[in-house]
Each structure stands twice: as structure tokens, then as C-alpha cells.
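Reading through the C-alpha cells given below for one structure.
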There are 2 protein chains.
Amino acid sequence: MRMILEAARDLSLRSLGQLGYDAAQAAIIADHLMDCELRGLGYSGLARILSIAGRLDGKGPARGPMQTLRESPVSARMDGGDHVGYLVAEHATRIAIEKALSAGIAVVGANRTWYTGMLSYYGEMAAEQGLVMAIASNATPWVAPHGGTQGRFGTNPICFAFPSADEPVIWDIGTSAIIHAQVVLAKRLGQALPAGVAFDADGLPTRDAAAALAGAFAPWGGHRGSGLAMVVQLLGVLAGSPAMPGELEEFGYLAIAIRPDLLTDPDTFRQEVSRYAAAVRATRPEPGGATVRMPFDRSRAERERRRAEGAIDVPDAVVSALEALPACAASGR
Amino acid sequence: MRMILEAARDLSLRSLGQLGYDAAQAAIIADHLMDCELRGLGYSGLARILSIAGRLDGKGPARGPMQTLRESPVSARMDGGDHVGYLVAEHATRIAIEKALSAGIAVVGANRTWYTGMLSYYGEMAAEQGLVMAIASNATPWVAPHGGTQGRFGTNPICFAFPSADEPVIWDIGTSAIIHAQVVLAKRLGQALPAGVAFDADGLPTRDAAAALAGAFAPWGGHRGSGLAMVVQLLGVLAGSPAMPGELEEFGYLAIAIRPDLLTDPDTFRQEVSRYAAAVRATRPEPGGATVRMPFDRSRAERERRRAEGAIDVPDAVVSALEALPACAASGR
């Protein structure tokens with residue numbers, strides 16, 4: 001159904017409250033999910049609250065605090081305390097930004113988390129502060145390495161963000177042939193997967209979503225993309241995650257933030273980034289092709305359009321399910 | 001011809017001396033080129049000395065020193081002084097390693113260089129010291145972005161290196177559909193390029209190497225790979241390179257080094273990296289497929305084999321051309 005932005009946000013906040021999140025936590029999560037909706041990534045938007053509810057399984061959010069296990073002027077290592085990644089990664093990113101603004105560069109790792117969301121969300125936070133940021137997040141080994149048929153890494157996103165004189169340059173990709181949420185959705189709807197994106201538990205190619213979830217997804221990008229996914233998995237290990245996390249738990253999140261003036265004049269840098277983006281967009285297209293885009297251009301345009309419209313489309317089934325969420329018994333509310 | 005390793009190394013040192021490099025410089029460059037030969041990457045090996053000779057054009061190596069323009073306990077920015085990248089990147093990597101061993105993390109950028117070689121060479125230097133390293137190097141815009149037909153980034157390698165309890169994990173890829181040296185070689189031999197890897201100056205697909213050098217190469221990996229190449233180009237800008245360097249000049253080199261104990265127990269980390277690599281190699285292959293490899297496994301095996309044999313194969317034409325190199329008039333030797 002068509003929902004005005006305020007109504008969609010209110011529904012998110014109420015639903016997250018039903019799950020036991022306090023107002024501050026719900027605001028952080030809802031802001032991220034609304035950004036997904038604005039960018040047209042509905043499967044990572046309000047529907048994700050239902051997936052969070054499934055993971056919490058009526059037990060309420062993690063009760064323990066996130067803790068800092070190691071710290072220096074240029075680093076921090078957090079224990080995410082099994083809190084959802086929207087909270088853990090947001091907190092870790094804030095620490096990385098603070099430390100980099102002060103010391104020039106910082107690395108922050110967090111483990112024991114799950115569902116870290118879109119890394120570009122955190123990359124934008126850093127670019128707004130004038131920082132360059134690199135982020136990686138590993139996950140349950142749902143994806144096979146190139147040439148293999150058993151899971152060895154997650155759908156493993158990686159992101160780089162650069163401040164500019166106008167819009168920041170944000171690159172944020174997943175490293176699997178298909179997104180986990182897409183397979184879950186295909187299973188729910190009884191739809192076939194595209195050919196070539198998954199193996200069943202016996203290692204044979206499959207287009208059945210349930211079989212793929214019991215087997216492994218294919219990686220993106222052949223041996224080069226598969227290697228990048230392994231890099232992300234090991235950056236998660238550096239953040240304290242096990243190399244092969246269990247189902248939807250113990251993900252790692254690693255962020256490196258750099259103040260450009262460590263290396264170059266920051267104003268010149270921002271201008272050069274903008275000039276470069278303009279030069280890429282002005283590239284002569286392939287014969288009959290569309291204008292060349294920078295990464296994130298489409299997301300930014302979609303977001304601006306929906307903001308101007310003041311509304312998003314959320315499937316009726318998602319709205320009904322969110323409105324029917326029972327209050328979490330463990331929440332004490 | 002078949003050459004014993006010592007003879008090939010001696011020929012490299014003599015040839016580099018003819019170009020005007022002093023003994024210390026020649027040793028650094030020759031070690032890198034011999035590593036390429038050992039790994040079976042002949043087009044980046046001894047033959048590269050002929051390309052360096054072409055770039056120097058009888059004028060001898062750059063005379064000015066490399067200079068440090070900005071420095072902090074966690075960073076350095078070097079002016080490469082138009083020295084060849086084998087020297088600039090090796091020096092920048094050493095500084096990154098020293099600073100990270102001391103401060104925990106460091107970023108070092110260098111600009112005004114060319115031919116940085118295999119980034120894995122520098123990644124191995126860092127992993128040997130127990131450091132995690134990320135490296136990127138931009139170049140002349142020979143490669144078109146996804147959907148475009150004009151060059152906007154170089155063949156742009158990116159590398160990550162991780163120490164382990166046995167062999168380090170090294171991932172080092174180029175982000176173009178074809179390597180610059182391969183196109184140069186195809187032109188020299190009058191061979192056609194594979195289909196789909198290049199555009200001519202009018203933006204039409206071409207298999208002619210000369211036309212490709214006047215036009216643009218295709219990127220690797222569709223919009224995701226093209227985005228990664230742009231990230232590398234902008235990391236080069238952070239290192240002080242212009243976004244679109246001129247022909248074989250003003251490349252940038254950026255290295256980030258991290259001491260794992262900032263975030264986690266370093267021994268546990270090394271063991272987990274080794275366990276992960278073993279788990280990937282033990283992945284059940286695709287039906288009828290070969291054993292799954294980690295990145296760098298093939299290079300390492302090739303290097304060990306040639307070291308055991310004590311010899312490499314260098315094309316006769318390359319050996320003859322190296323032996324015929326005139327002494328550089330500008331070298332003062």
C-alpha cells in the first residue's frame with residue numbers, strides 16, 4: 001500500500017517497540033530501514049522487521065550492553081553483545097569517525113552481531129564528516145567459493161565512501177550472485193531462482209530456493225569476485241568474528257576511516273573527487289547505451305524522488321504482519 | 001632461453017645499470033622482476049626492463065630524491081619524484097610497515113610514479129611482519145567504465161594481505177578485462193585481442209590491439225567491478241595522483257597497514273586465517289571440477305617449482321634486447 005513517509009516511520013517505530021527495542025534503538029533501526037525504502041530496496045526495508053522478529057523469536061533484544069574490549073587512540077574493538085547489526089554498526093561507525101577526526105585514521109571492529117544492513121548507510125555518515133571510509137561485513141557462509149559448491153563466506157558486502165565538493169562517492173556491493181533476502185523471498189513466493197546462482201546440498205545446480213538455502217549460493221565475479229568475498233570474510237575475522245559464523249549470528253563489522261588531510265589538501269581532494277565523478281558521467285556511452293552512472297547515482301535519484309513524493313509503497317502483507325506483531329513477552333513493556 | 005636464476009638476476013642488474021640505476025636501486029627492481037618470473041608472469045618480468053628503458057628514453061632515472069611531503073605517527077605522504085614505482089612503492093610500503101608496527105595502523109600515499117608492479121609483492125612484505133595490508137594503485141585512464149567507451153581509470157590493481165600461521169593469504173587483482181602489457185604484446189606480435197575486451201577511438205568494439213591502445217579497454221566485472229576500479233582511482237587521488245593521470249606518469253600508490261592486536265589476539269587471528277584457508281581448499285568442487293584454490297595458491301606453487309628447478313624461461317628476443325641496451329648517456333657512468 002502507498003504510505004506517507006511519516007506513517008511508514010511510525011509503523012516501523014511501533015513495530016520495533018513491540019519487539020522490545022527502546023525508543024532510541026528503534027529510531028536508529030527505523031532510520032536505516034526507511035533509507036532502504038527510499039532507495040527502493042524494499043526487501044531490506046520495513047519487511048526486515050519481520051526477519052528481526054523471527055531471529056529474536058519472542059525473546060526480546062539482547063539485554064547485555066555492547067562493550068569495548070580493546071581501545072587505542074586509533075582503534076576500538078567492540079563486542080556487539082548479540083545486538084542487531086543496525087545498532088552495532090552504527091555505534092562502531094560513530095567511534096571510527098570520532099577517532100579518525102581526532103587521530104587522522106582509525107580502525108574499529110565489532111563482532112557478535114547480525115543484520116548489519118546497507119554498508120553505504122555508514123559510509124555516508126563518514127563522508128558527511130569529510131572522511132574516506134572502507135567498510136566490510138562478513139556473515140554466515142551461505143556462498144560457495146569459485147569452483148566450489150559448499151558455503152565458505154557470506155553475501156559479504158564491502159563499501160568505500162569518499163567525500164566530495166557536492167555528492168559523496170559511495171560504492172557498496174555484495175559479493176554473491178544473489179542476495180540472501182531474494183532467495184528467502186523466492187522461497188516464500190514459490191518462485192524459481194535464476195539459473196546459475198545456487199547449488200543444492202549435494203552440490204548440484206538448482207533453481208529451487210529451499211534447496212539453495214540448504215546448499216550454497218554462487219559467488220559473483222568468478223575467481224576475482226570470490227577472492228574479494230574471502231577478503232571480506234577475513235576482515236570480519238580481524239573484527240573478532242569466527243571465519244565461519246553460525247546461522248545469523250557472530251557476524252563481524254570492520255570500518256577504517258581516514259582524514260584526507262593526512263595525505264593531501266582536503267579541499268583539493270574533494271574537488272578532484274567531484275571532477276572525477278563528473279568525468280565518469282560524461283563518458284561516451286556504448287552505442288545505443290544509456291548515460292554512464294557513478295555508483296550510488298541510481299540510489300540517490302530514487303531517494304530524492306520518493307522524498308519529493310513524500311510516500312513509499314509497502315506490500316500490504318508486510319503492513320498487516322507488522323501491525324499484528326505481538327508485544328514481546330521478554331521486553332517488560 | 002632457459003636461464004639459471006643467478007644468470008637471469010645478473011642480466012637484470014646489468015641491464016638496469018645500463019639504464020642508469022645505481023646498485024641499490026637495481027637490486028630492488030630486479031628482486032621484484034625476478035619474483036614475477038618465478039611466478040610465471042613473464043610479461044611483468046625481465047621484459048619490463050625494456051618498457052622502463054622506453055619510458056626513460058635515454059634520459060636516465062629520475063634524479064631528484066623521493067620526498068616526504070606530510071607526515072604523522074600514523075601516516076606519510078611521499079612525492080615519488082617521477083621515480084619508477086618499483087622503488088617508490090617499495091619505499092612507501094616500508095614506511096607503512098614501520099609506522100603500523102609502532103602506532104598500530106598507518107596509511108602511506110605516494111604520487112608521481114609509474115609501473116608499480118605486482119601489489120602482492122608489497123602485500124607479502126607486510127604479511128611477513130604480521131600485518132594486515134590493503135593496497136591500491138591507480139594509473140593512466142586506459143579503461144572505460146561499465147557502459148562507457150572512453151578511458152576513465154587504469155588497469156587499477158587492488159590487494160589485501162593477511163598473515164597466517166603458515167602461508168599468508170594474498171589477494172591481488174587487476175580490475176580491467178585485459179592487462180595493458182598483454183595488449184602491448186598483442187600489438188607487437190600482430191595478434192588479435194579476444195572479443196569484448198576493448199573499444200576503438202570511436203567507441204566501437206575492436207579486436208585490434210593498436211586500435212584498443214588508441215581507444216579504451218573494457219572493465220572487469222560489470223558495474224560492480226567497474227565501481228571497484230573507480231574506488232582504486234580515487235584512492236590514488238587520496239595519495240596525491242590526479243584523477244586522470246597522463247600517459248605512464250603520475251600514478252598514485254596507497255597502502256594501509258594494520259597490526260591485528262589492535263582488534264584481536266594476533267596468534268588466534270593467524271591460526272583462524274590458516275584454518276579458513278584450509279576450509280576453502282577443502283570445499284567440495286563443482287561436478288568434474290578441480291580442487292578449489294585460495295588466491296595466490298597458483299602463484300606460490302609456480303614460484304616454488306621454479307625455485308626448485310633453479311631456472312626460468314626468458315624469450316630469446318628479450319635476452320638479446322637486454323644485452324644490447326646501450327649505456328644511458330645521462331647516467332654519468
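Here is the naming used below: chain letters follow the sequence lines, and residue numbers restart at 1 for every chain.
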Could you tell me which of [options] has the largest number of non-hydrogen atom pairs under 4.5 Å with chain A?
{"options": "B:Ile105, B:Thr291, B:Ile173, B:Val231", "result": "B:Val231"}
{"options": "B:Ala290, B:Pro266, B:Ala279, B:Ala134", "result": "B:Ala279"}
{"options": "B:Pro145, B:Gly109, B:Ala106, B:Gly289", "result": "B:Pro145"}
{"options": "B:Leu69, B:Asp261, B:Leu254", "result": "B:Asp261"}
{"options": "B:Ile158, B:Asp202, B:Thr268", "result": "B:Asp202"}
{"options": "B:Gly221, B:Gly148, B:Gly104", "result": "B:Gly148"}

Stepwise side-chain contact (heavy atoms from CB on, under 4.5 Å) test for B:Leu263 and A:Val108: CA-CA 8 Å; B:Leu263 300 176; A:Val108 174; 5.9 Å; no
How many angstroms lie between [atom1] in [X] and [atom2] in [Y], if you round to the nearest 0.5 Å?
{"X": "B:Ile258", "Y": "A:Leu235", "atom1": "CD1", "atom2": "CG", "result": "7.5 Å"}
{"X": "A:Arg275", "Y": "B:Met244", "atom1": "CZ", "atom2": "CE", "result": "11.5 Å"}
{"X": "B:Arg152", "Y": "A:Tyr276", "atom1": "CZ", "atom2": "OH", "result": "8.0 Å"}
{"X": "A:His223", "Y": "B:Arg298", "atom1": "NE2", "atom2": "CZ", "result": "8.5 Å"}

Contacting moiety of [X], where chain A heavy atoms sit under 4.5 Å:
{"X": "B:Glu71", "answer": "neither"}
{"X": "B:Phe296", "answer": "neither"}
{"X": "B:Ala216", "answer": "neither"}
{"X": "B:Pro73", "answer": "neither"}
{"X": "B:Pro260", "answer": "both"}
{"X": "B:Asp172", "answer": "neither"}
{"X": "B:Ala277", "answer": "neither"}
{"X": "B:Leu228", "answer": "both"}
{"X": "B:Ala76", "answer": "backbone"}

Between [X] and chain B, with a heavy-atom cut-off of 4.5 Å, which part of the residue counts as in contact: side chain, backbone, both or neither?
{"X": "A:Val132", "answer": "side chain"}
{"X": "A:Asp265", "answer": "both"}
{"X": "A:Ala144", "answer": "neither"}
{"X": "A:Asn111", "answer": "neither"}

Greatest number of heavy atom pairs closer than 4.5 Å to chain B - which of A:Phe269, A:Trp171, A:Phe199: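 Greatest number of close heavy-atom pairs with chain B: A:Trp171.
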Top contributor to chain B interface from A:Val74, A:Leu238, A:Val280, A:Val292 [non-hydrogen pairs under 4.5 Å]: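 Of the candidates given, the most pairs with chain B belong to A:Leu238.
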Test item: B:Gln150 side-chain N/O and A:Arg284 main-chain N/O as donor-acceptor pair under 3.5 Å: yes
Side-chain (A:Arg224) to main-chain (B:Gly174) donor-acceptor, under 3.5 angstrom: yes
Decide yes or no for [X] and [Y]: does some side-chain heavy atom of the first lie under 4.5 Å from some side-chain heavy atom of the second?
{"X": "A:Val237", "Y": "B:Phe162", "value": "no"}
{"X": "A:Val169", "Y": "B:Met230", "value": "no"}
{"X": "A:Thr283", "Y": "B:Thr149", "value": "no"}
{"X": "B:Ser72", "Y": "A:Leu262", "value": "yes"}
{"X": "B:Arg77", "Y": "A:Thr264", "value": "yes"}
{"X": "A:Pro287", "Y": "B:Leu204", "value": "yes"}

Step-by-step side-chain contact (heavy atoms from CB on, under 4.5 Å) determination, B:Glu272 to A:Leu234: CA-CA 9 Å; B:Glu272 191 74 356; A:Leu234 290 176; over 6 Å; no
Minimum heavy-atom distance between A:Pro295 and B:Gly227, given as atom pair plus value: CG-CA, 4.1 Å
